[in-house]
Amino acid sequence: MTRIAARQRPLCRFVLLFLSVLFAAIFFSAAQGVYDEPWRPQYHFTPAANFMNDPNGLIYYKGEYHLFYQHNPQGAEWGHMSWGHAISDDMLHWRHLPLAIPEEPGRFMIYSGSAVVDWHNSSLLCSNTDPRDPSCLIAIYTAAGPDSQRQNLAFSNDRGRTWSNYSSNPVADLHQPDFRDPKVFWYEPQKKWVMVAVFADEKQAKILDSTDLKKWTLRSTFGLPGAGKGQWECPDLFELSLDNNSRAANKEWVMVVNRNPGAPAGGTGVQYFVGTFDGAKFTAETPADQELWADYGKDFYATNSFSDIPAKDGRRIWIGWISNWRYANTEPTKLWRGAQSLPRVLRLKTYPDGIRLVQTPVKEAERLRTKQLLHGGRFSIQQANNEIHAANVQGDTLEIEAEIAPRVDDEIGFRLRKGPHEETLVGVSAKMHELFIDRTRSGLVSFSPDFPGRHHATLHWTSPVKLHIFLDRSSVEVFANDGETVLTDRVYPSPGSDGLELFSDSGGSQVQSLTIWKLGSIWK
Ligand code: FRU
């Protein structure tokens with residue numbers, strides 16, 4: 001028996017080795033498969049499975065960016081809301097971590113909110129005994145019960161890996177069933193915490209303050225009489241330099257309210273007001289008759305800006321959910337639903353008609369470039385298309401930078417994800433002074449009557465117009481004129497519809513410069 005066993009040993013070893021290689025191959029291809037489905041964004045964050053909506057608690061702490069998000073761990077439609085969690089060292093390449101804050105079944109769900117670093121342990125919830133660093137992470141979220149919405153704290157003393165609910169929750173309760181989405185920040189001039197949260201149906205932002213994150217006092221209400229239809233959700237409040245001038249006198253505050261519905265493209269969208277903040281009250285300087293929107297596409301909502309980006313970096317960066325409540329539960333992905341935008345840097349710029357929010361993708365996004373496919377300029381439309389053809393430029397993950405000079409009255413731009421019967425148009429209308437995305441014939445559009453359409457925004461007209469386009473497997477983000485005007489739309493083209501070309505109604509317009517990169521996957 002021993003002899004037989006001895007003879008079999010090499011065979012056993014071979015079989016074992018064979019099986020482990022086979023299992024590794026199956027595991028690897030399954031893991032690959034999950035982030036390789038036809039409409040799976042390659043460089044925009046998506047959960048491996050199930051439903052996701054708002055980004056929550058965006059924060060930088062000890063070398064890591066944290067992305068929490070509204071997540072249904074049990075299915076691909078909204079429900080059982082909990083905080084999902086991922087970390088990254090560049091806001092682009094994310095690693096999934098276990099669920100951070102699960103719903104409390106039968107009691108409440110974990111709705112949107114924010115996170116802060118409690119640097120000096122003002123909450124006394126930080127248990128690190130090192131006097132040089134008493135800090136910990138605190139999450140402030142809405143505990144959403146059947147008839148109540150209140151603000152709760154959860155804390156983590158291990159760099160966000162595990163979370164405990166504070167034992168004396170809730171910390172803020174205004175006895176209102178639609179009081180939600182707290183965004184908390186440190187207000188240095190008065191050395192205190194400030195919270196902005198909404199009364200959603202009343203379309204009001206409530207401003208509260210606290211010295212310890214546990215006891216909150218209501219200080220003021222920001223609202224506009226007759227503020228249009230729908231709800232206000234996910235507010236944010238932050239200070240930005242104006243026109244790149246960082247002197248204190250050149251700063252303005254921005255109040256962000258996410259509106260559901262009422263956005264220019266229909267459904268949900270991000271509105272903002274520019275004004276002043278004295279620690280207790282926000283006063284809008286944006287005239288009441290001006291509606292300012294951060295993004296004129298149909299799929300940019302529920303923004304959350306990062307907390308605790310180091311002062312030497314100094315950027316204000318936000319992420320939005322790239323969907324729309326009009327069809328968020330019916331988008332045609334099955335395993336997972338919902339994606340997050342590229343992180344975008346926010347600035348304020350003065351234009352002849354007032355101060356506007358300007359957004360550009362974070363410079364870290366250059367790390368996504370895997371190959372320059374084309375670089376040239378001074379092309380006619382025909383020449384540009386010949387170059388694109390000669391270089392065999394096509395694909396579903398591309399970054400395009402172009403300066404285009406339209407002839408008067410022309411409509412010019414790109415046909416993206418072009419296939420036999422489909423295309424997504426991104427262009428400018430010189431006649432209308434407009435930037436647009438037209439996804440009417442972009443592929444699968446029939447899952448919602450609200451999906452197909454053309455979405456547009458007026459540009460402060462200059463020629464050439466600069467376009468910066470990020471195409472992923474099921475999304476298009478367009479930043480025009482250095483982020484002055486932004487449009488974000490999801491698209492669901494057929495696999496293989498990967499063509500790219502320029503179009504121009506008159507044929508006479510010029511492409512002054514054109515650079516195209518292939519972008520890689522963040523999951524490989
Ligand atoms: C915004 C929102 C928030 C709420 C969350 C629930 O999309 O409706 O107001 O906290 O989603 O998932």
Side-chain angles (χ1 to χ4, degrees), residues 47 50-58 67-85 99-105 107-115 139-152 154 170 172-174 176-184 195-206 229-236 256-263 266-271 294-295 298-305 318-331 336-341 450 488 490:
N50 297 325
F51 188 83
M52 173 178 75
N53 51 300
D54 317 354
N56 293 153
L58 299 181
L67 163 63
F68 302 91
Y69 53 91
Q70 285 289 282
H71 188 42
N72 177 359
Q74 299 181 32
E77 290 180 6
W78 187 90
H80 303 286
M81 296 325 284
S82 304
W83 277 27
H85 190 193
L99 206 59
I101 313 177
E103 70 163 337
E104 302 267 334
R107 293 179 62 215
F108 56 81
M109 292 198 260
I110 315 298
Y111 271 18
S112 285
S114 51
I140 309 96
Y141 66 83
T142 301
D147 310 305
S148 68
Q149 296 190 349
R150 307 174 176 125
Q151 316 323 317
N152 275 6
D173 183 3
L174 296 180
Q176 182 80 14
D178 59 344
F179 173 41
R180 65 173 180 267
D181 305 343
K183 174 72 178 163
V184 173
M195 176 194 293
V196 53
V198 290
F199 277 11
D201 295 320
E202 291 69 13
K203 294 176 279 298
Q204 290 179 349
K206 299 283 173 188
K229 51 187 166 162
Q231 298 183 320
W232 283 13
E233 300 186 308
C234 302
D236 205 341
V256 179
V257 293
N258 282 267
R259 264 175 65 177
N260 177 20
T268 43
V270 189
Q271 193 180 352
D295 192 304
K298 201 155 182 170
D299 296 314
F300 187 69
Y301 192 60
T303 48
N304 191 278
S305 70
W318 72 7
I319 290 179
W321 171 46
I322 48 176
S323 188
N324 190 310
W325 276 124
R326 285 269 166 91
Y327 41 71
N329 278 306
T330 55
E331 285 188 77
W336 90 97
R337 266 207 194 97
Q340 304 297 349
S341 73
D450 284 312
T488 306
R490 299 299 300 271

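The structure displayed is predicted, hence computed values, not measured ones. Atoms within a ligand are numbered from 1 in the order they appear, just like the ligands themselves.
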Within the side chain of D236, is there an N or O that forms a donor-acceptor pair under 3.5 Å with the backbone of S305?
yes
Heavy-atom distances under 4.0 Å decide this one: backbone, side chain, both or neither, for N258 against ligand 1?
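Neither part.
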May I ask you to check if ligand 1 and W321 share an N or O to N or O distance below 3.5 Å?
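There is no such contact.
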Of all the atoms in ligand 1, which lie at a distance below 4.0 Å from a heavy atom belonging to D181?
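That gives atoms 3 (C), 4 (C), 9 (O), 10 (O) of ligand 1.
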Check whether any side-chain N or O of S82 sits under 3.5 Å from a backbone N or O of E103 as a donor-acceptor pair, and report yes or no.
yes
What protein heavy atom is closest to atom 8 (O) of ligand 1, reported as residue, atom name and distance in Å?
E233 OE2, 2.8 Å
State the atoms of ligand 1, each with its element, that fall below the 4.0 Å cut-off from a heavy-atom position in R180.
3 (C), 4 (C), 9 (O), 10 (O)
Looking only at heavy atoms of T142, does any of them come nearer than 4.0 Å to an atom of ligand 1?
no
Is there at least one pair of N or O atoms, one from W78 and one from ligand 1, spaced under 3.5 Å apart?
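Yes, there is a polar N/O contact under 3.5 Å.
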Per-atom contacts, ligand 1 versus D54 - under 4.0 Å to a heavy atom:
1 (C), 2 (C), 3 (C), 5 (C), 7 (O), 11 (O)
Between R337 and A76, is there a donor-acceptor pair closer than 3.5 Å when you use the side chain of the first and the backbone of the second?
yes
Let me know which of N324, I319, D295 forms a side chain to side chain contact (heavy atoms under 4.5 Å, CB included) with F300.
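Checked N324, I319, D295 against F300; only one passes side chain to side chain contact (heavy atoms under 4.5 Å, CB included): D295.
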Counting each atom of ligand 1 from 1 as listed, which ones have a heavy atom of S112 under 4.0 Å away?
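Under 4.0 Å from S112, ligand 1 has these atoms: 5 (C), 10 (O).
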Using a strict 4.0 Å cut-off to heavy atoms of Q70, name the atoms of ligand 1 that fall inside it.
5 (C), 6 (C), 12 (O)
Sequence neighbours left out, what passes side chain to side chain contact (heavy atoms under 4.5 Å, CB included) with N304? Give chain and number order.
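Listed in chain order: P55, L58, K183.
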Non-hydrogen side-chain atoms of C234 and D54 separated by less than 4.5 Å
yes
When you check the side-chain N and O atoms of E77 and N72, is any donor under 3.5 Å from an acceptor?
no
Contact (N/O only, under 3.5 Å) between Y111 and ligand 1
no
For F179 and F199, take the angle between the two ring planes, folded into 0 to 90°, and tell me which bin it lands in: parallel under 30, tilted 30 to 60, perpendicular over 60.
perpendicular
